[in-house]
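Report on the following structure.
Excluded from the calculations below are hydrogen atoms, water molecules and symmetry mates; all remaining heavy atoms, backbone and side chain alike, are included. One is the number of the first residue; the rest follow in order along the sequence. When a ligand or atom number is given, it counts from 1 through the structure's own listing order.
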Amino acid sequence: MDFESFFAQALDGLREDGNYRVFADLKRHSGEFPKATRFREDGSTHEVTVWCSNDYLGMGQHPDVVTAMKDAIDTCGAGAGGTRNISGTNHYHVQLEHELADLHGKESALIFTSGYVSNWAALGTLASKIPGCIVYSDALNHASMIEGIRHSRAEKRVWKHNSPEDLERKLAADDPAAPKLVAFESVYSMDGDIAPIKEICDVAERYGAMTYLDEVHAVGLYGPRGGGIAEREGLMDRLTVIEGTLGKAFGVMGGYITGSRQLCDFVRSFASGFIFTTALPPSLAAGATASIRHLKQSTAEREAHQDRVARLRSLLDRRGIPHMDNPSHIVPVMVGNASKCKWISDILLDNYGIYVQPINYPTVPKGTERLRITPTPFHSDADIDHLVGALNALWSRCALARAVA
Ligand SMILES: *Cc1c(COP(=O)(O)O)cnc(C)c1O
């Protein structure tokens, strides 16, 4: 087989469909978040404002976090030096797991190298090792959950997005004696909608099912201590497992689950994706711990974040720029056409120094192509004015429909 031409053909297919991903080559400016230098393909550079980062609160440059990471490197060096079992468990990992268990009001926590790995490994292990387990998965669950469930080879039922009624129908149709696991998210990252956690837990409880909640887009951002939507709604104790990331609002990297002591010990002891991989660098664990500690006691970032989101939405409304109405911090500006979406994003970057990655099929359904905008506490009034002014100009140039107020 001619492997090279096979690869080239597959890539051409992506390009023809408009799905080929081009990365923006950036150098972020610590201390000037969300500013960055962009490197063009010809080697020239220009300054941009990042409007699509998941470092939602700018914690990736917070002095407490940066200092904790530098101190940990000075103390322990660069890497962990092994898997958790073979010399890789550093005191910083143990502290981080305590911090996370406390954040979610659980007995234990277990950290992984990413949120993706935490979902893949925890769901894969639970669903495969619990005999006869049936998994009930929300239709819009993240790829990491879908892959974990697939890997488990457990039976799977997909229930209608955010519908406790459909979940109940699916649960009722199965053998009452079968072990059941309900997997869903709190904030969904593309539409920014929020699950009815209480109603889902009520249904799950009626059928004796475990509940597994991905709070990746909510931890650090919601709840009095940044514990997520379940904390805000007083529901943390209703969930068997709360999963999160250290890479988004906490600004560093890594993922985790929290739950009972036995459950976390079970995953620790049986999950291949936990056991056979090098532990996170101690500096990451130290940085994440500092970030979580800070956000447990400081609400200033969360308040400023919501204020920026509200301001952006109201200015978009004033100009009639259509954006999806949702109760979260994610502002999807709807373009509804793949090539226009890509074109607008290119012009924003090249002519206005505004970086928003276009979101096209297959990440979102065709016809709902969008710019997924994520304001942070560090976007100034002037940044917001500049963004809305640019969108307004491009909306006219592209003859895109306006929303009626
Ligand atoms: C980003 C994301 C993950 C993966 O987290 P990482 O730490 O980036 O690997 C898991 N779940 C959802 C819903 C996500 O958006």
Practice task
Heavy-atom cut-off of under 4.0 Å around ligand 1: list whichever protein residues fall inside it, by chain and number.
Solution key: Ser114, Gly115, Tyr116, Asn119, His142, Ser144, Glu185, Asp214, Val216, His217, Thr245, Lys248, Gly254
Practice task
Classify the angle between the aromatic ring planes of Tyr188 and His161 as parallel (below 30°), tilted (30 to 60°) or perpendicular (above 60°).
Solution key: perpendicular
Exercise for the section: Classify the ring geometry between Tyr56 and His329 as parallel (under 30°), tilted (30 to 60°) or perpendicular (over 60°). Expected result: perpendicular
Completion exercise
Residue pairs meeting side-chain hydrogen bond (donor to acceptor under 3.5 Å, both in side chains), one or both in residues 249-262, sequence neighbours left out, come to His104-Tyr256
Exercise for the section: Report the distance from atom CG of Asn392 to atom CG of Leu387, rounding to the nearest 0.5 Å. Expected result: 11.0 Å
Problem - Plane angle bin for His294 and His62 - parallel if under 30°, tilted between 30 and 60°, otherwise perpendicular - result: tilted
Problem - Interatomic distance, Lys106 atom NZ to Ile257 atom CD1 [nearest 0.5 angstrom] - result: 11.0 Å
